[in-house]
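First up is the structure itself, then whatever we jot down about it.
Letters A, B, ... are given to chains in the order of the sequence lines, protein chains preceding strands, and every chain is numbered from 1. On a predicted model such as this, the values are computed, not experimentally measured, just so you know.
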Amino acid sequence: MPPELRALLEGPVLEVAPRLLGATLRHGDVAVRLTEVEAYDGANDPGSHAHRGLTPRNSVMFGPAGHLYVYFTYGMHHCCNVVCGPEGTASAVLLRAGEVVDGLETARQRRPRSRDRDLARGPARLCQTLDLDLGHNGARLDVPPLTLEPGPAPEAVSSGPRVGLRLASDRAWRFWLPEEPTVSQYRSAAPLPRRRTGR
DNA sequence: CCCGTGATTCTCT
DNA sequence: GAGAATCACGGGC
């Protein structure tokens with residue numbers, strides 16, 4: 001891993017996550033400047049896929065830092081995370097949103113109905129715009145066409161509860177750049193049990 | 001608000 | 001192995 005990327009991912013995940021704001025994730029022609037992320041602290045974190053130990057799906061998170069952990073959910077969406085921390089800690093940072101800073105024409109073709117600010121607004125949209133799917137699970141982030149590069153340190157960082165989690169909603173482990181139009185809209189986890197209609 | 005959609009994992013046999 | 005619950009979401013109304 002090159003020293004720049006090592007420095008970016010070094011340390012506890014709660015330090016790494018806000019540090020990733022302003023960094024640029026590139027996949028081929030398209031590059032996204034990250035504006036919103038969430039920290040997941042492996043086995044210590046009830047919200048993490050790694051909370052119940054190693055499984056086939058989450059195995060990449062238990063490996064070395066600097067790789068992508070991609071998963072498929074809701075039968076149609078991909079989400080991607082940057083694995084960080086020492087090997088075995090299974091900590092990772094979910095990439096929730098960003099601003100397209102290169103390859104805008106390609107990005108628009110991938111999401112024809114999106115306004116520009118929505119192209120990577122939300123974790124599944126970010127994956128679609130960058131053309132990331134399960135085939136990129138475990139991919140290194142220092143080998144073109146897939147690279148992650150630091151940006152200038154953010155002037156200000158906001159934080160709050162993570163999106164869509166029932167568990168551990170007391171932890172303010174979502175981080176974003178304030179005043180950014182590309183930050184995804186907050187949706188709390190449905191607290192009410194699903195009701196059947198009719199009957 | 002509602003709901004599609006299918007992999008993953010857990011909990012029984 | 002089968003059945004069921006869950007799910008770090010997005011789009012449409």
query = Residues from residues 11-48 of chain A sitting under 4.0 Å of DNA chain B, heavy atoms only?
reply = none
Donor-acceptor contacts, no H, no angles, side chain residues 141-158 of chain A, under 3.5 Å, sequence neighbours left out:
unit_1, atom_1, unit_2, atom_2, d
D142(A), OD1, R140(A), NE, 2.9
D142(A), OD1, R140(A), NH2, 3.3
D142(A), OD2, R140(A), NH2, 2.9

ask   = For DNA chain B, what residues of residues 95-128 of chain A have any heavy atom nearer than 4.0 Å?
value = none
request  = Output yes when R162(A) and D45(A) qualify as a salt bridge under the 4.0 Å nitrogen-oxygen rule, no when they do not.
outcome  = yes
query = Heavy-atom distance under 4.5 Å between the side chains of L20(A) and L9(A), does that happen here?
reply = yes
task = Grab the CG-C1' distance between L94(A) and dA8(C) for me, whole Å please.
result = 5 Å
ask   = What residues form a ring pair (Phe, Tyr, Trp, His ring centres under 6.0 Å) with Y71(A), not counting sequence neighbours?
value = H49(A), Y69(A)
key: Check: N58(A) side chain, T55(A) main-chain N or O, donor-acceptor pair, under 3.5 Å   = yes
ask   = Quick one: ring pair (Phe, Tyr, Trp, His ring centres under 6.0 Å) partners of H51(A), sequence neighbours excluded?
value = none
request  = Return the set of residues passing ring pair (Phe, Tyr, Trp, His ring centres under 6.0 Å) with H136(A) (not counting sequence neighbours), or none when no residue passes.
outcome  = H27(A)
note = Read 5' to 3' with Watson-Crick or G-U pairs under 3.5 Å, [ ] for crossing pairs and | for partners on another strand, DNA chain C gives |||||||.||||.
What N/O pairs connect the protein and nucleotides 8-13 of chain B at under 3.5 Å? Give each pair on its own line.
unit_1, atom_1, unit_2, atom_2, d
dT9(B), OP1, T55(A), OG1, 2.3

inquiry  = Taking 5.5 Å and 30° as the limits, would you call Y74(A) and the base of dC7(C) a stacked pair?
reply    = yes
key: Non-neighbouring partners of E87(A) that pass salt bridge (Lys or Arg N to Asp or Glu O under 4.0 Å), sequence neighbours left out   = none
Between P of dA8(C) and CE of M61(A), the distance in whole Å = 11 Å
task = Would you mind checking if E99(A) and R33(A) are paired as a salt bridge, meaning a charged N to carboxylate O distance below 4.0 Å?
result = yes
task = For R117(A), check salt bridge (Lys or Arg N to Asp or Glu O under 4.0 Å) against everything at least two apart and list the hits.
result = none
query = Does the side chain of Y40(A) come within less than 4.5 Å of L94(A)'s, by heavy atoms?
reply = yes
query = Distance check: side-chain N/O of R166(A) vs OP1/OP2 of dA8(C), anything under 4.0 Å?
reply = no
Qualifying residues under side-chain contact (heavy atoms from CB on, under 4.5 Å), relative to Y186(A), sequence neighbours excluded = P161(A), V163(A), R174(A), S188(A)
task = Please state how far atom CD in Q185(A) lies from atom P in dG10(C), giving the value in whole angstrom units.
result = 11 Å
request  = Quick one: which residue pairs count as a salt bridge (charged side-chain N to carboxylate O under 4.0 Å, His left out) with a foot in residues 21-32 of chain A, not counting sequence neighbours?
outcome  = R26(A)-D102(A)
